[in-house]
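What follows is a short report on a single structure.
In what follows, residues are counted from 1 in the order of the sequence shown.
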Amino acid sequence: MQHEVLQFSHYANKHIHLGVCGSVAVYKSLELMRAFIKNNIHVSVTLTNAAKQFIQPLSFEALGASKVYKNMFDNELPFDHLEPGQMADAMLIAPASANTLAQLAQGLSHEMLTCQALAFDGPILLAPAMNPKMWANPATSANIETLLERGFFITDPENGIMACKDEGQGRLAQLEKIYYDTLALLTEQDLYGKKILVTLGPTMEKWDAVRVWTNNSTGTMGTALAICAWLRGADVYVVAGPVNQYMPQDPHFHRFNVTSADEMYTQCHELWNKMDIGIFTAAVADFKPSSGIEQETSYYDNFEAVKFKKENYTQGFSIHFSPNLDILKSIGAVKQDHQKIMGFSAESGNNMESLSLAIHKKLLTKNADIIVGNFLDEAMGTKTNRVLIADKNGNEKEWNTMSKADLAWQLLSYLEAL
């Protein structure tokens with residue numbers, strides 16, 4: 001996978017049955033399976049006969065699949081075609097070939113995999129991969145339409161250059177997309193219908209044509225909250241500073257990229273009236289250069305268009321800063337009764353009493369429902385977090401260190417119950 005995916009303990013001990021069809025992309029199913037197993041999800045596997053021409057069942061067994069089903073009537077137990085339907089919580093077929101799609105659409109069961117799919121009464125996700133001409137063929141389109149009508153879920157293939165050098169739609173979707181689409185099948189949609197705004201990452205404030213004033217926020221906490229909300233059924237609107245975080249490509253997941261604090265402020269206010277919840281994790285630069293660089297008595301008001309060279313400033317220089325607009329406070333000022341706000345407060349040091357004072361003060365001044373406090377050295381650039389929480393009802397809770405993915409899950413549940 002190009003990006004590391006989130007691991008949620010919420011899915012521990014769930015069971016996914018993975019079907020694998022004949023495709024050059026078949027090797028990617030091994031990496032997908034490993035991501036599920038790393039999440040403590042039990043994975044069983046069935047390969048079609050065509051898939052076995054590309055890869056052997058032993059590869060899946062060696063990486064932790066249990067069990068790996070073989071051929072129909074080939075020294076198998078008499079009810080192996082029914083077993084996944086009795087044990088698994090969801091079924092994923094990735095890659096799904098044109099042949100398997102056709103068999104499923106027509107209700108045929110020539111192989112173990114299609115038998116298992118026909119006998120499976122839980123959610124089934126199909127991730128097709130095939131030549132672009134095969135994907136565009138009217139027969140394939142009709143089969144996809146039939147399967148969607150019957151309740152199957154589809155993760156559409158992507159555009160790209162295929163192994164045969166043809167170019168077009170047909171490449172297996174990004175593994176991150178398939179991974180999260182599968183987790184969504186295992187998730188109660190308790191936030192369905194909610195519109196949730198999430199800010200994340202740093203902002204960057206230019207002080208010359210190429211240099212910026214920023215911080216080292218990675219956007220991990222905000223990304224975890226956004227993906228978690230989407231998995232639970234919400235329509236998510238992310239306003240992201242410059243970060244390299246994977247986010248699902250989905251009609252219910254909207255990403256707005258911004259750079260400066262002013263851009264983030266404007267975008268948040270444009271969206272806020274339609275939102276039910278606002279979650280403000282972005283590490284916004286509190287200050288921005290306002291009048292450029294001071295050299296003796298001269299000021300350069302067009303500092304954003306000029307690159308300042310060090311040979312011209314051998315004695316150094318001064319930059320004038322002015323405060324940025326307070327996004328969280330301004331949103332809190334226009335919050336309606338049906339809306340909820342969660343803010344974050346990152347503090348230096350390790351004094352829990354000082355952290356408590358800071359989050360309670362922010363709770364009042366920002367008109368928030370929850371403020372989540374943490375220490376900079378335990379949160380910035382890490383995969384885990386330890387937090388202190390204050391809410392509008394006067395409660396204060398300290399949560400021990402956990403992954404940011406698990407923290408996101410618990411925070412959303414806390415906010416929803418408040």
Flag the pair D276 and K194 as a salt bridge only when some basic side-chain nitrogen lies within less than 4.0 angstrom of an acidic carboxylate oxygen. no
Is D250 paired with K177 through a side-chain N to carboxylate O contact shorter than 4.0 Å? yes
Do S413 and R232 get their side chains close enough for a donor-acceptor pair, meaning under 3.5 Å? yes
Within 6.0 angstrom of E347 CD, more than 12 heavy atoms from elsewhere: yes
Is the CZ atom of R255 crowded by more than 12 outside heavy atoms at less than 6.0 Å? yes
Identify the heavy atoms of A405 and A224 that sit nearest to each other, and give their distance. CA-CB, 4.1 Å
If only atom types and distance count, is the side chain of E205 paired as donor or acceptor with the main-chain N or O of A261 below 3.5 Å? yes
Just one of K70, Q116, E111, K67 clears the side chain to side chain donor-acceptor pair (under 3.5 Å) bar with T46, so which one? Q116
Between R171 and W135, is NZ or CZ placed under 6.0 angstrom from the six-membered ring centre and within 45° of the ring axis? no
Decide yes or no on ring-ring contact (aromatic ring centres under 6.0 Å, His included) for Y69 and H81, but give the supporting numbers first. CA-CA 9 Å; Y69 295 87; H81 62 297; over 10 Å; no
Which atom of L18 lies closest to which atom of S29, heavy atoms considered: CD2-O, 4.0 Å
Is the number of heavy atoms from other residues, nucleotides or ligands within 6.0 Å of CZ (F253) greater than 12? yes
Kindly state whether the ring of W409 and the ring of Y11 have centres lying under 6.0 angstrom apart. yes
Heavy atoms, side chains only, cut-off 4.5 Å: are F280 and F344 in contact? no
Judged by modelled atom types alone, do T223 and T220 share a side-chain donor-acceptor pair under 3.5 Å? no
I want to check something: taking the side chain as every heavy atom from C-beta on, are F60 and M33 in contact at a cut-off of under 4.5 Å? yes
Using only heavy-atom distances, determine whether the side chains of H360 and E396 contain a donor-acceptor pair under 3.5 Å. yes
Check whether more than 12 heavy atoms from other residues, nucleotides or ligands sit under 6.0 Å from atom CH2 of W399, and answer yes or no. yes
When you check the gap from the basic side-chain N to the acidic O, do E398 and R386 get nearer than 4.0 Å? yes
Closest non-hydrogen atoms of T187 and Q189, given as atom of the first, atom of the second and distance, are O-NE2, 2.9 Å
Here the pair of heavy atoms bringing M247 nearest to V238 is SD-CG1, 3.9 Å
Between D369 and K340 (salt bridge meaning N to carboxylate O under 4.0 Å), is one present in this structure? no
Above 12 or not: heavy atoms from other molecules or residues under 6.0 Å from CD of E353? no
Side chains of I93 and C21 in contact at under 4.5 Å (non-hydrogen atoms): yes
Between N39 and Y179: side-chain donor-acceptor atoms closer than 3.5 Å: yes
Side chains of N131 and D166, donor plus acceptor under 3.5 Å: yes
Assess whether atom CG of N350 is packed by more than 12 heavy atoms of other residues, nucleotides or ligands within 6.0 Å. no
Nearest heavy atoms of L32 and A94, plus distance in Å: CD2-CB, 4.2 Å
Considering only heavy atoms from C-beta outward, does the side chain of I279 approach that of L197 to under 4.5 Å? no
